[in-house]
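All values reported here derive from a predicted model rather than from experimental measurement. Protein chains get the first letters and strands the later ones, always in sequence-line order, with residue 1 at the start of each.
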Amino acid sequence: MLVHVDANNFYASCEKVFDPTLRDRPVVVLSNNDGVVVARSSEAKALNIDMARPYFQIADLLRRYDVRVLSSNYTLYDDMSNRLAAVYRRFTDALEIYSIDECFLSFDHVPPDRLDAEARRLRTTAGRWTGIPVGVGVAATKTLAKLANRLAKKVPANDGVCVLGDAASVRDALGRIELTDLWGVSRGFQCRLRSLGIATPLELAEADSHLVRRRLGVVGQRIALELRGQRCIPMEVIAPDKQTVCCSRSFGTETRRFDDLRQAVCTFASQAMVKLRRQDLAAGAVTVFVDTNIHAPPGVKQYHNARTTGLPTASCDTREIAAAAVRALRRVYRPGYSYKKAGVLLHRLVKRSGVQPNLFDRRDHGRAGRLMATVDRINRRFGRGAVRIAAAVPFGMAPSGLTAGRTVHWRGRCDRRSRCYTTRWDELPICYAKSA
DNA sequence: TCTGGGGTCCTAGGACCC
DNA sequence: TCTGGGGTCCTAGGACCC
């Protein structure tokens, strides 16, 4: 059997762990640039605050309800995510980290009559050791385990744990949910299913295989088979190497200037390269894209463009990638547009040990590699951007403002970020004990 | 004033190969 | 008049996920 475990209201729960004033209060966490709502505490959900709602549309409402609003603090969430994974590893070595707040675990070693008790022990331990409440679903396939987890949370009597251990309980579960509650079934997919006369998860599980394959492709077929208990989506205990690494941002203020875009692109490229080197990869190509504001009123000229620059040899050198990114930017940039967003994508990724050298390349890659390793080490110790290429600006925790004597227009807002309680010595939570 | 970011997978179509 | 069959690789775009 497989286990799916995920945190409840993850970002909001992380914030609550370290700030007692948030307890029992509605909390929402905003996306980068304080754009939209990306997490809500249970109290906030009870107020019918929508997910993905632009903040400016509901700012008044949130004030009226006295909702605590926070910018997202990924340093904190990443660390809490690692803590949860460490707890799960106590239960099995066969662990797949699926997202920042979700894992799949193999419970193949747990006898059927112990599944419920072991799942409850997992939930209790995670809650006690990290302060984060989690839900646990157990079933034969990933799709069913996700479904079980949904019921673990949705049905109060389940108390956060649901085991679908036999055909009867699976059948019962399939009758309790909507098609769009299934993993991989969006609104659009639901419409296609309806047009085939499939209106419920149970009908999908029992639909004719040939019809499903022909009309819904392999994607639909996999979902249907998984619902019948056949594993089509394997556990990935060893995380496969990334195929792309991306760093992009919406700007706090739109800009028309090439120089602003160049600075942004060089900063994003630097950041993407840190991620790349952390995984011991090198990039063979860089894509740069720029966007105008898609929410601008009608009549404002829209522009989206992307260009790729290939490298003769895959590289992990920020200087080389940033230079390639600027070359790509020159080709996408058009004067006269007001730019809202830009991004850098690294692809054709290969392991550094497997880079194919170029016959005519006489540079000293060993030296460049050592330089980058040193830069990364310094930045880990003294903070992101302590050492950087001159074309970039410090990235991350610093507030928007002046850099090298002039305003950085493009950096996003993050005015309400909580502290890095678990990763910075000077931001540790402080407890005051009442004296007797 | 204000509307996220980072991924994967599939499919179709084109270029090219033998 | 007629105009193969089988394949790879790449890219763009769309759907979907968290």
Side-chain angles (χ1 to χ4, degrees), chain A residues 4 6-11 28-39 50-60 62 69 71-72 74 77-78 81 96-104 142-143 146 149-150 179-193 213 216-223 232-234 236 239-254 268 271-272 275-276 279 284-285 287 289 291-297 300 304-308 310 338 340-349 395 400 409 411-416:
Chain A
H4 177 255
D6 74 343
N8 304 347
N9 323 321
F10 182 54
Y11 298 168
V28 303
V29 178
L30 303 177
S31 63
N32 264 319
N33 210 9
D34 288 350
V36 301
V37 173
V38 290
D50 294 336
M51 192 74 164
R53 170 78 66 180
Y55 172 51
F56 75 92
Q57 288 178 3
I58 54 168
D60 286 340
L62 297 178
V69 180
S71 305
S72 35
Y74 287 102
Y77 312 149
D78 275 334
S81 176
E96 174 185 338
I97 297 170
Y98 176 66
S99 77
I100 195 164
D101 76 324
E102 289 178 58
C103 286
F104 290 101
K142 283 184 166 180
T143 305
K146 292 260 291 186
N149 197 332
R150 188 160 194 100
L179 276 173
T180 48
D181 290 335
L182 293 173
W183 193 29
V185 179
S186 64
R187 291 253 167 248
F189 205 82
Q190 182 188 35
C191 289
R192 287 171 63 190
L193 287 166
R213 178 65 184 88
L216 300 169
V218 293
V219 176
Q221 186 180 36
R222 270 203 287 259
I223 296 171
C232 301
I233 308 170
E236 288 185 337
D241 285 335
K242 290 241 180 294
Q243 298 180 36
T244 57
V245 168
C246 177
C247 184
S248 73
R249 287 287 181 283
S250 294
F251 304 151
T253 313
E254 292 176 25
F268 300 157
Q271 207 46 46
K275 291 190 210 174
L276 192 80
Q279 298 179 61
T287 297
F289 65 87
D291 277 308
T292 50
N293 185 357
I294 55 167
H295 300 292
V300 176
H304 164 88
N305 202 356
R307 279 282 191 281
T308 302
S338 185
K340 177 65 180 169
K341 183 176 181 177
V344 171
L345 259 132
L346 307 175
H347 43 125
R348 293 185 208 160
L349 306 186
F395 194 88
S400 334
H409 293 286
R411 188 158 31 209
R413 284 178 306 277
C414 53
D415 302 330
R416 304 154 175 279

Self-check item: Pair A:D6-A:H4, side-chain contact (heavy atoms from CB on, under 4.5 Å): steps then yes or no
Solution: CA-CA 7 Å; A:D6 74 343; A:H4 177 255; 4.0 Å; yes
Look up atom [atom1] in [X] and atom [atom2] in [Y], then write down how far apart they are to the nearest 0.5 Å.
X      : Y      : atom1 : atom2 : value
A:S81  : A:Y74  : OG    : OH    : 12.5 Å
A:K146 : A:D181 : NZ    : CG    : 11.5 Å
A:E96  : A:E102 : CD    : CD    : 10.0 Å
A:T143 : A:I223 : OG1   : CD1   : 7.0 Å

Looking only at the side chains, is there a donor atom on one of [X] and [Y] sitting less than 3.5 Å from an acceptor on the other?
X      : Y      : value
A:S71  : A:D34  : yes
A:N33  : A:S31  : no
A:D241 : A:Q279 : no

Quiz prompt | A:W183-A:F104 aromatic ring centre distance below 6.0 Å | solution =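 Under 6.0 Å, so yes.
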Quiz item: Which nucleotides of nucleotides 11-18 of chain C have their base under 4.0 Å from a protein heavy atom (B), which only their sugar-phosphate (S), and which neither (-), written as one string 5' to 3'?
Solution: S----SSS
Practice problem: If a protein heavy atom is under 4.0 Å from the base, mark B; if only from the sugar-phosphate, S; if neither, -; do that for nucleotides 1-8 of chain B going 5' to 3'. | Solution: -BBSSSSS
Quiz prompt | Closest approach of A:I58 to A:R53 (non-hydrogen atoms, all atoms of both residues) | solution =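 Minimum heavy-atom contact is CG2-CG, 3.5 Å.
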Quiz prompt | Range-with-range stems for DNA chain C, at least three Watson-Crick or G-U pairs under 3.5 Å | solution =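 Detected stem regions: B:5-18 with C:5-18.
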